[in-house]
Chemist: 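Pasting a structure below so you can have a look.
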Amino acid sequence: MRLIERVFRRFEGWIDPFKPLEDYEPPNRLVAYVWFYVAQAKWAFLALLVLGLLTALLEALVFSYVGQVVDLLTGFESSGEKARGWTGLMEQYGGLLLSMLVVVILLRLLVIALDALVEEQTIVPGFFILMRWQSHKHIIGQSLSFFQNDLAGRISQKVFQSGMATGDMMISLLQIIWFITVYAVTTAGVLFALDWQLGAIVVAWMLAFYFVARYFIPRVREHAKITADTGSGISGRMVDAYANIQTVKLHGTEKSEEDGVLNATQIHRKEIFKFTRILTMLRISANFVSAMAISLIGIMVIDLWLADQTSLGSVAFVLAMSLRLRLLLNRLLGNLNGFFRNVGVTQNTMELIAQPHGIRDVPDALDFEFRNGEIRIENLTFHYDRPEGALNDLSLNIKPGEKIGIVGSSGSGKTTLIHLLMRFFEPQSGRILIDGQDITKVKQDSLRQYFSFVQQDVQMFHRTVYKNIAYGMPDISKAKVEAAAKLANAHEFILELKDNNGATGYDSQIGERGVKLSGGQRQRIAIARALLREAPILILDEATSQLDSNTEKVIQGNLLEQMEGKTVIVIAHRLSTIAKMDRLIVLDNGKIVESGSHDQLIKTDGLYSAFWKKQALH
């Protein structure tokens with residue numbers, strides 16, 4: 001058992017799926033994309049290729065034994081030795097028969113065992129996971145807009161299925177297509193040795209099969225890709241509904257969501273029909289070619305036997321090899337469905353995974369060096385790929401440790417500005433400097449570690465309360481987590497939490513996207529996370545919008561203490577939240593239209609004053 005365990009471990013450790021790369025971005029051409037991953041496990045696939053060759057040769061050799069056994073038994077009988085039974089048979093042919101047994105039992109079993117070990121212990125757990133991991137590594141580095149333009153469920157499905165589809169495609173290519181190719185060439189060679197006409201029929205058979213495949217395969221590949229794409233559309237629609245199930249239930253739109261999935265499924269079904277029609281026509285055409293070829297070979301070999309130009313054993317051998325070749329070709333056609341589905345899925349996932357990162361660090365990017373938190377924005381323009389809108393030639397200077405409030409109607413560019421500040425997007429023109437450093441010239445991760453950010457649409461993980469607050473700080477103590485929660489006025493309600501598994505307090509799970517919590521509770525946990533991070537630049541984007549007035553006042557008092565010495569930017573529709581900021585910036589249509597303290601802006605009787613009066617009336 002220990003020997004078997006060592007053998008398994010040797011093959012299981014052949015591929016390291018987590019070996020780091022300098023660049024995880026694959027090419028966006030199908031062959032190059034597949035080779036990018038296959039090259040990292042090339043020796044395993046080469047072993048599969050060699051073992052496929054040996055398996056095909058041994059298969060042909062075993063079928064040659066059929067003819068040899070028929071001939072030696074015929075000769076044994078005609079010599080009058082049959083009455084001596086096994087004794088006489090072994091005396092005359094014992095060495096030959098034993099060599100055949102060694103090949104059939106030992107050598108063939110060894111090759112099959114090695115083939116199984118390479119496939120099941122090396123490629124399936126190694127290569128499949130390698131592709132998934134490296135695809136995830138590349139995808140997680142994509143820009144914010146990449147994820148905003150697609151469904152999370154669709155992205156995750158394609159990342160997960162990438163390894164399996166490509167791995168299964170390569171296994172089919174090397175174990176089935178390669179095996180059959182070698183077997184067909186071997187069959188043609190052997191039959192050529194018997195009679196050139198038999199070999200010529202096999203060659204003609206393969207050529208006809210090739211032209212049939214050449215006609216159908218591009219069509220199969222095209223429809224396989226479309227089928228894979230429409231299939232992922234169903235999954236994406238389902239995940240979209242499940243992720244927003246509360247809204248679905250609220251609006252009573254289960255039927256509408258069902259109709260959406262039904263429509264996507266019907267489109268997928270139509271594409272499947274187109275796909276399978278092509279496959280059916282391919283199988284019928286290829287089987288017609290095979291039937292004609294086997295009939296010609298059968299007629300030809302019998303004719304040779306009748307003319308005493310070949311033995312009965314050769315007839316049996318030729319017919320056995322031909323029938324085996326036909327069975328293999330049928331097996332190939334049966335596997336083409338799965339093979340080209342995997343080609344289609346691979347091509348479909350490639351189009352997502354092989355996209356270059358929207359935001360990249362420049363080649364000579366340096367680590368950001370925080371000094372005092374001075375922010376200078378120069379002629380910043382960003383339009384979200386639209387002709388106009390968002391931000392237009394905006395300039396702003398924020399002093400070290402200054403507390404800035406940003407006001408403006410919806411769509412005025414407030415959130416866009418802070419997203420650009422943290423380099424979630426790249427501006428069309430202009431630049432942002434923090435402590436004199438152009439943020440496009442420094443490494444993104446080194447820049448963002450100096451920001452704490454709380455937004456209105458709070459993002460929670462389906463993990464414990466503790467892990468959500470301590471996110472990005474795995475070694476932080478529970479005491480510090482609880483202290484941050486108390487500052488965010490969250491400690492009391494956290495202690496009362498209990499999940500379905502019986503876990504309580506900070507160890508309780510809060511559900512996907514924090515669905516088990518209220519909006520205000522999620523905001524308080526997000527504030528606790530930001531306070532625990534203790535970054536020198538704090539950004540609050542409607543961070544207390546879902547809190548009641550009393551809770552907000554308590555948290556504001558704690559926040560003001562924590563803001564001391566930090567550069568702070570606060571966005572709020574509730575103007576009382578930002579009235580005590582050092583300076584208020586009013587945005588309108590992507591431009592700064594007013595700037596000053598609360599008292600100064602009230603006196604100007606401008607846009608801010610209008611906002612303030614409107615809220616005072618309510």
Side-chain angles (χ1 to χ4, degrees), residues 18-28 36 133-149 155 159 352-382 384 391 394 396-401 415-455 459 461 470-476 526 529-541 565-569:
F18 309 113
K19 185 178 180 179
L21 301 178
E22 289 186 8
D23 188 359
Y24 289 89
E25 181 185 333
N28 61 0
F36 176 82
W133 171 247
Q134 292 187 6
S135 297
H136 168 71
K137 284 280 287 182
H138 179 62
I139 288 293
I140 200 70
Q142 286 286 7
S143 64
L144 188 62
S145 61
F146 175 89
F147 295 96
Q148 291 176 338
N149 292 330
I155 295 172
V159 169
L352 175 88
I353 293 169
Q355 293 184 38
H357 286 169
I359 298 179
R360 288 179 175 272
D361 291 334
V362 295
D364 56 347
L366 301 173
D367 285 330
F368 174 76
E369 294 182 13
F370 181 83
R371 300 183 186 113
N372 51 31
E374 179 187 24
I375 300 172
R376 192 162 76 247
I377 301 170
E378 299 177 347
N379 308 113
L380 197 64
T381 297
F382 183 75
Y384 289 105
L391 299 177
L394 184 146
L396 174 66
N397 290 331
I398 301 174
K399 299 174 183 177
T415 300
T416 300
L417 176 60
I418 60 174
H419 280 172
L420 287 165
L421 187 61
M422 291 181 286
R423 208 184 166 202
F424 290 145
F425 301 106
E426 299 279 41
Q428 267 87 43
S429 62
R431 63 176 186 165
I432 299 173
L433 296 96
I434 301 179
D435 290 334
Q437 300 160 84
D438 188 334
I439 63 171
T440 63
K441 302 296 193 297
V442 299
K443 294 177 182 177
Q444 297 172 65
D445 290 344
S446 70
L447 170 71
R448 293 175 188 142
Q449 67 175 311
Y450 293 99
F451 286 89
S452 289
F453 178 41
V454 183
Q455 56 189 333
Q459 296 185 353
F461 297 91
Y471 187 74
M473 296 167 281
D475 300 324
I476 201 78
R529 180 196 296 165
L531 293 175
L532 186 65
R533 188 174 171 88
E534 295 184 339
I537 302 175
L538 175 63
I539 297 179
L540 305 175
D541 184 1
K566 291 181 171 64
T567 301
V568 180
I569 300 174

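Values in this document were obtained by computation on a predicted structure and should not be read as measured data. Residues take their numbers from the sequence shown, with the count starting at 1.
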Chemist: Under the 3.5 angstrom rule, does the side chain of N397 hit a backbone N or O of R376 as a donor-acceptor pair?
Modeler: no
Chemist: For the side chain of D438 and the backbone of L433, is there at least one donor-acceptor N/O pair under 3.5 Å apart?
Modeler: no
Chemist: As an exercise, state the distance from CZ of F370 to OG1 of T567, rounded to the nearest 0.5 Å.
Modeler: 5.5 Å
Chemist: Answer yes or no: is there a side-chain heavy-atom contact under 4.5 Å between F425 and T416?
Modeler: no
Chemist: Would you mind reporting whether I377 and L420 have side-chain heavy atoms less than 4.5 Å apart?
Modeler: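 A side-chain contact under 4.5 Å is absent here.
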Chemist: So which atom in L447 and which in L421 form the shortest heavy-atom distance, rounded to 0.1 Å?
Modeler: CD2-O, 4.3 Å
Chemist: Rounded to the nearest 0.5 Å, what's the gap from CG on L396 to CD1 on I375? Could you check?
Modeler: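 These two atoms lie 8.0 Å from each other.
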Chemist: Can you tell if the side chain of E426 reaches within under 4.5 Å of the side chain of T440, non-hydrogen atoms only?
Modeler: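 Result yes, sub-4.5 Å side-chain heavy-atom pair found.
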Chemist: Walk me through it: do Q134 and F36 pass the test side-chain contact (heavy atoms from CB on, under 4.5 Å)?
Modeler: CA-CA 11 Å; Q134 292 187 6; F36 176 82; 4.0 Å; yes
Chemist: Between F424 and F453, what is the ring plane arrangement, given parallel below 30°, perpendicular above 60°, and tilted in between?
Modeler: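 The rings of F424 and F453 sit tilted, inter-plane angle from 30° to 60°.
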Chemist: Spell out, as yes or no, whether a donor-acceptor pair under 3.5 Å connects the side chain of R448 to the backbone of M422.
Modeler: yes
Chemist: Given 3.5 Å as the limit, does a donor-acceptor pair link the side chain of N372 with the main chain of P400, or not?
Modeler: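 No: the side chain of N372 does not pair with the backbone of P400.
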Chemist: Could you tell me which non-hydrogen atom of A365 sits nearest to which non-hydrogen atom of K443, and how far apart they are?
Modeler: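 Smallest interatomic distance, heavy atoms only, reads O-CE, 3.5 Å.
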Chemist: List the atom of L352, the atom of I139, and the distance in Å for their closest heavy-atom pair.
Modeler: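 L352 and I139 have their closest heavy atoms at O-CD1, 4.2 Å.
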Chemist: Of all residues at least two apart in sequence or in a different chain, which pass the side chain to side chain contact (heavy atoms under 4.5 Å, CB included) check with A354?
Modeler: P26, N28, Y33, M350
Chemist: What distance separates D361 CG from K441 NZ, expressed to the nearest 0.5 Å?
Modeler: 12.0 Å
Chemist: Report the distance from atom OG1 of T415 to atom CG of D541, rounding to the nearest 0.5 Å.
Modeler: 3.5 Å
Chemist: First locate atom NZ of K566, then atom CD1 of I539, and finally report the distance between them rounded to the nearest 0.5 Å.
Modeler: 13.5 Å
Chemist: Evaluate whether atom CG of D445 has more than 12 neighbouring non-hydrogen atoms of other residues, nucleotides or ligands under 6.0 angstrom away.
Modeler: no
Chemist: Give a yes or no on whether the backbone of F368 and the side-chain of S446 come within a donor-acceptor separation of less than 3.5 Å.
Modeler: yes
Chemist: Please report the shortest heavy-atom distance between I359 and R423, naming the atom on each side.
Modeler: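 That would be CD1-O, 3.5 Å.
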Chemist: Give a yes or no on whether K399 atom NZ has more than 12 heavy-atom contacts from other residues, nucleotides or ligands under 6.0 Å away.
Modeler: no
Chemist: Give me the atom names and distance for the closest heavy-atom approach of H138 to I353.
Modeler: CD2-O, 2.8 Å
Chemist: To the nearest 0.5 Å, what is the distance between CD1 on I569 and CG on L417?
Modeler: 6.5 Å
Chemist: Locate the shortest heavy-atom distance separating Q142 from Q355; write the atom from each residue and the value.
Modeler: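 Heavy atoms only, the tightest pair is NE2-O, 3.0 Å.
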Chemist: For the residue pair D435 and Y450, establish whether any side-chain heavy-atom pair is separated by less than 4.5 Å.
Modeler: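 Result no, sub-4.5 Å side-chain heavy-atom pair not found.
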Chemist: Applying side-chain contact (heavy atoms from CB on, under 4.5 Å), run through D364 and L366 and close with a yes or a no.
Modeler: CA-CA 6 Å; D364 56 347; L366 301 173; over 6 Å; no
